[in-house]
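Below is one structure; the comments refer to it alone.
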Amino acid sequence: MSCISEQLDEIQERIRRAAIAAGRHPDSVKLIAVSKTFPADAVLQAFKAGQKCFGESRLQEAAPKIGLLPEGLDWHFIGRVQSNKVRKILPLFGSIHAVDSLKLAKYTDGVAGDLGVAPKAFLQVNIAGEVTKGGFAPEDLDRSIEELRFLKHLKIVGLMTIPPAVEEAGQSRVWFRKLRELRDEIVAKHSIGLPDLSMGMSGDFEIAIEEGATHVRVGSAIFGMRDYKISGELG
Ligand SMILES: *Cc1c(COP(=O)(O)O)cnc(C)c1O
């Protein structure tokens, strides 16, 4: 058994336990294995171990990788979306996690129409109001949702956030909770469905699950430490 398949089993088991402890069904949490900076071979090992859902954050890196892998994998684009890349991102990725503005959402909807695809989309929320981070301000989301709900091709399934860097995982809980509460408020006020919450990474996914995450994005805990020098990615 490869190391990746063992790590994957362990993460799946931790997800299962966290869900049950929170009184949730284990199948209500989807694991996105974040394979950025890791080669196609690592993805293939995970796929052979039963993992179908993968996350990538840069088109330049992901496109050739996806081309090397079997069809039928469920690819999630988790990185920042530049509008000049949307036309290339949509044919490869069924889900987009970081739709960070009304303008980008409308543009992506138009491109999806041109291409005849209907991607799932998460709205990225800058939940802690960090000046360095993109995303909808929580107070703007309410206003934007009235336009977003009428998009024809992009299916808005929920919210996503990357909380501020913290020293201990437990400190992220407040942000995960705020994202869930924001979602609940919007759903109640606008009578729309926003079932999904994309939140939680290697260091804090169990806490995110306790707070309602439906999609956890886990990279290093499955594939190991990333070497950004290889991929040329910053940060
Ligand atoms: C890289 C990345 C992850 C995975 O981070 P790990 O700490 O390795 O689990 C999750 N979400 C986003 C948006 C990322 O860019």
Side-chain angles (χ1 to χ4, degrees), residues 28-36 52-67 69-127 133-162 179-180 182-199 212-217:
S28 66
V29 184
K30 188 173 226 174
L31 171 62
I32 300 170
V34 177
S35 49
K36 67 184 184 198
K52 297 216 169 46
C53 190
F54 294 91
E56 286 282 335
S57 58
R58 288 171 71 244
L59 177 68
Q60 302 91 302
E61 183 195 339
K65 201 187 290 187
I66 293 172
L69 287 157
E71 284 185 31
L73 274 62
D74 178 13
W75 289 100
H76 291 240
F77 195 83
I78 62 170
R80 216 189 119 227
V81 181
Q82 293 168 270
S83 44
N84 63 351
K85 304 268 171 67
V86 168
R87 211 165 276 277
K88 291 199 168 128
I89 290 173
L90 293 187
L92 299 173
F93 292 86
S95 303
I96 313 288
H97 283 246
V99 174
D100 59 5
S101 70
L102 190 54
K103 191 174 166 203
L104 178 68
K106 287 179 178 171
Y107 177 73
T108 305
D109 184 61
V111 175
D114 291 350
L115 298 174
V117 295
K120 292 181 186 170
F122 293 79
L123 304 174
Q124 184 177 1
V125 179
N126 186 355
I127 197 71
K133 233 170 233 169
F136 288 85
E139 60 276 16
D140 289 348
L141 194 59
D142 188 46
R143 198 170 345 119
S144 303
I145 211 80
E146 275 308 313
E147 287 193 62
L148 290 168
R149 66 186 305 173
F150 296 116
L151 297 182
K152 288 202 175 69
H153 310 285
L154 201 61
K155 290 182 289 187
I156 311 283
V157 294
L159 307 182
M160 175 269 204
T161 200
I162 306 171
L179 192 73
R180 171 170 46 87
L182 178 65
R183 186 275 307 273
D184 292 347
E185 275 169 35
I186 290 173
V187 166
K189 187 163 167 193
H190 300 269
S191 327
I192 49 165
L194 279 180
D196 293 337
L197 291 173
S198 168
M199 57 189 195
T214 60
H215 292 66
V216 292
R217 310 176 307 265

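As the structure is a prediction and not an experimental result, all values here were calculated from the model.
A donor-acceptor pair is defined here as one N or O able to donate and one able to accept, closer than 3.5 Å; no such pair exists between the side chain of N126 and the backbone of P138. Side-chain N or O atoms of R217 include none that pairs as donor or acceptor with a backbone N or O of G55 at under 3.5 Å. Checking side-chain atoms of D100 against main-chain N and O of G134 turns up no donor-acceptor pair under 3.5 Å. Checked by atom type and distance alone, the side chain of R149 pairs as donor or acceptor with a backbone atom of H190 at under 3.5 Å.
F93 and A62 make their closest contact through CZ-CB, 3.7 Å (heavy atoms, listed as atom of the first residue, atom of the second, distance). Nearest approach of I156 to L148, heavy atoms of both residues: CG1-O, 4.1 Å. Nearest approach of G212 to L197, heavy atoms of both residues: O-CD1, 3.6 Å. Residues V29 and A213 share a closest heavy-atom pair of CG2-O, 3.7 Å. Shown here for L154 and A121, the closest heavy-atom pair between the two residues is CG-CB, 3.7 Å. When all heavy atoms of S57 and F77 are compared, the closest pair comes out as O-CZ, 3.4 Å.
The closest side-chain heavy-atom distance from L141 to V125 is below 4.5 Å. Side-chain contact between L69 and W75 is present, with heavy atoms from C-beta onward closer than 4.5 Å. Taking 4.5 Å as the limit, every side-chain heavy atom of L194 sits out of range of all side-chain heavy atoms of V157. For the pair D196 and F122, the minimum side-chain heavy-atom distance is below 4.5 Å. With contacts defined as side-chain heavy-atom distances shorter than 4.5 Å, the pair V86/Y107 qualifies. At least one side-chain heavy atom of L123 sits less than 4.5 Å from a side-chain heavy atom of F136. You'll find the side chain of S198 stays beyond 4.5 Å of the side chain of T214, heavy atoms only.
Looking at E185 and K189, no side-chain N of the basic residue comes within less than 4.0 Å of a carboxylate O on the acidic one, giving no salt bridge. Checked for salt-bridge contact, D140 and R143 meet the test: a charged N lies under 4.0 Å from a carboxylate O. A salt bridge links K65 with E56: at least one charged nitrogen is closer than 4.0 Å to a carboxylate oxygen. One finds a salt bridge joining D74 and K30 here, because a Lys/Arg side-chain nitrogen approaches an Asp/Glu carboxylate oxygen to under 4.0 Å.
Partner of Q124 under the side chain to side chain contact (heavy atoms under 4.5 Å, CB included) criterion, out of L159, I96, I162, L104: I162 alone.
The distance from the NZ atom of K155 to the CG atom of L151 is 13.0 Å, given to the nearest 0.5 Å.
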- Task: Apply side-chain contact (heavy atoms from CB on, under 4.5 Å) to H215 and M160, showing your working.
- Result: CA-CA 9 Å; H215 292 66; M160 175 269 204; over 6 Å; no
- Message: Between K36 and E61, does the side-chain contact (heavy atoms from CB on, under 4.5 Å) criterion hold? Intermediate values first, please.
- Response: CA-CA 8 Å; K36 67 184 184 198; E61 183 195 339; 4.2 Å; yes
- Item | Stepwise side-chain contact (heavy atoms from CB on, under 4.5 Å) check, L59 with L92 | CA-CA 9 Å; L59 177 68; L92 299 173; 4.0 Å; yes
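Taking the six-membered ring for Trp and thresholds of 30 and 60 degrees, H97 and H76 have ring planes inclined between 30 and 60 degrees apart.
For H153 and D114, the side-chain atoms include no donor-acceptor pair closer than 3.5 Å.
Taking a 6.0 Å sphere around NZ of K120, one finds it holds 12 or fewer heavy atoms contributed by other residues, nucleotides or ligands.
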